[in-house]
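Order of the sequence lines fixes the chain letters, A, B, ..., with proteins taken first and strands second; residue numbering starts at 1 for each chain.
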Protein chains: 2
Amino acid sequence: MKTTPPFLPLVRELVRTYQAFERVSAGHVRSMGLTPAQFDVVATLGNTQGMNPKQLGEKTLITKGTLTGVVDRLAEKGLVQRLPDPRDGRGQIVRLTAQGQALFETVFPAHVAHIGRALAGFDSARLGPTQQALHLLRQALEQAGGAEAEA
Amino acid sequence: MKTTPPFLPLVRELVRTYQAFERVSAGHVRSMGLTPAQFDVVATLGNTQGMNPKQLGEKTLITKGTLTGVVDRLAEKGLVQRLPDPRDGRGQIVRLTAQGQALFETVFPAHVAHIGRALAGFDSARLGPTQQALHLLRQALEQAGGAEAEA
DNA sequence: TATTGTTATACTCTATAACTATA
DNA sequence: TATAGTTATAGAGTATAACAATA
């Protein structure tokens with residue numbers, strides 16, 4: 001008879017909590033006419049001067065082949081534009097258009113407010129400690145990921 | 001000039017920590033020949049006598065139309081089978097086949113061990129408090145989700 | 001009438017690899 | 001040769017709605 005490893009309940013709770021957040025978040029994102037990946041890109045480009053697809057992929061965890069499609073669809077909607085990278089003839093800069101910037105300025109605060117309402121019942125004194133607890137957990141996981149890549 | 005709401009860093013940390021977990025987990029799941037959704041179904045059916053698609057969808061958060069396809073593909077691989085529900089002529093019971101059960105018994109412990117290695121660097125004294133912190137956060141989010149559905 | 005599960009549609013994301021054009 | 005990004009391919013999940021069988 002095996003014993004359940006002691007870390008499993010924590011992992012389950014992490015997954016469930018994230019899923020609870022996703023339910024709150026994704027529904028609202030879709031109601032704005034964006035997919036989660038598209039929202040991620042718009043949110044990442046917001047308040048920047050744009051960046052190349054490589055950086056964008058690293059920040060959003062979207063691989064380059066997929067990112068081309070995501071950016072294509074955002075460009076079709078008139079939310080982002082591709083500009084040549086003056087420093088590298090192979091490269092480009094993806095940035096929000098004026099319309100994309102306007103969307104970001106409207107939609108992002110609305111989304112933040114939506115999440116804020118969902119967290120209204122959460123004791124604000126616990127915000128910091130919870131964040132710190134997650135941070136330590138993440139550090140362990142990322143360290144493992146790095147070690148794994150080397151193995 | 002706006003102030004960043006105090007809960008945003010926590011939310012960001014939740015998302016990043018989950019993504020770090022996913023990187024550790026999803027790579028291993030795929031190496032076993034299952035997609036995340038398929039693994040989720042197999043793990044949910046493991047150690048049960050099977051359940052109907054409705055319950056399965058509720059536990060895995062997969063909607064019914066999608067679940068039909070996921071179960072189809074698992075059935076093609078010989079890992080699950082559909083049995084008529086003796087209590088309800090409309091319903092069915094999805095359960096692991098012997099092969100599916102064998103896979104579960106091999107693959108699930110391997111996956112747990114993989115995650116365990118990734119968490120080797122995490123202070124075990126923090127397991128409980130971190131889990132509890134997440135639980136409280138999840139409660140707030142789920143309470144909000146319920147309230148939202150009523151609105 | 002309401003519910004269970006399937007089917008159909010259309011889209012999006014995913015992984016992978018071959019390809020181009022620059023560097 | 002190596003890198004940035006696109007294209008091609010095949011598969012899988014998503015939302016949504018219409019549908020058949022049963023309750």
Which whole-number value in Å describes the distance from [X] [atom1] to [N] [atom2]?
X       : N      : atom1 : atom2 : value
A:Arg23 : D:dT14 : CZ    : P     : 13 Å
B:Leu34 : D:dA12 : CG    : P     : 11 Å
B:Gln38 : C:dA15 : CD    : P     : 14 Å

Strictly by modelled atom types, are A:Lys77 and A:Gln38 linked by a side-chain donor-acceptor pair under 3.5 Å?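 The answer is yes; a qualifying pair exists.
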Identify the two heavy atoms, one from B:Leu141 and one from A:Thr17, that lie closest to each other, and give their separation to 0.1 Å. CD1-O, 3.9 Å
Nearest-nucleotide check on DNA chain D, A:Asn52 vs A:Arg30; residue mapping nearer the 5' end is A:Asn52
Within residues 53-65 of chain A, find the residues that approach DNA chain D with a heavy atom at under 4.0 Å, and present them sorted by residue number.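 Within this stretch, A:Pro53, A:Lys54, A:Lys64, A:Gly65 sit under 4.0 Å of the strand.
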Can you list, in residue-number order, the parts of residues 71-92 of chain A that come under 4.0 Å of DNA chain D, counting heavy atoms only? A:Arg82, A:Arg90, A:Gly91, A:Gln92
Any side-chain heavy-atom pair of B:Phe39 and B:Phe108 under 4.5 Å: yes
5'-most by nearest nucleotide on DNA chain C - A:Pro36 or B:Leu67: B:Leu67
On DNA chain C, more 5' by nearest nucleotide between B:Thr66 and A:Val70 is B:Thr66
What's A:Thr35 touching, base or sugar-phosphate or nothing? Going by heavy atoms closer than 4.0 Å.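 The answer is sugar-phosphate, as A:Thr35 gets under 4.0 Å only of primed atoms, P, OP1 or OP2.
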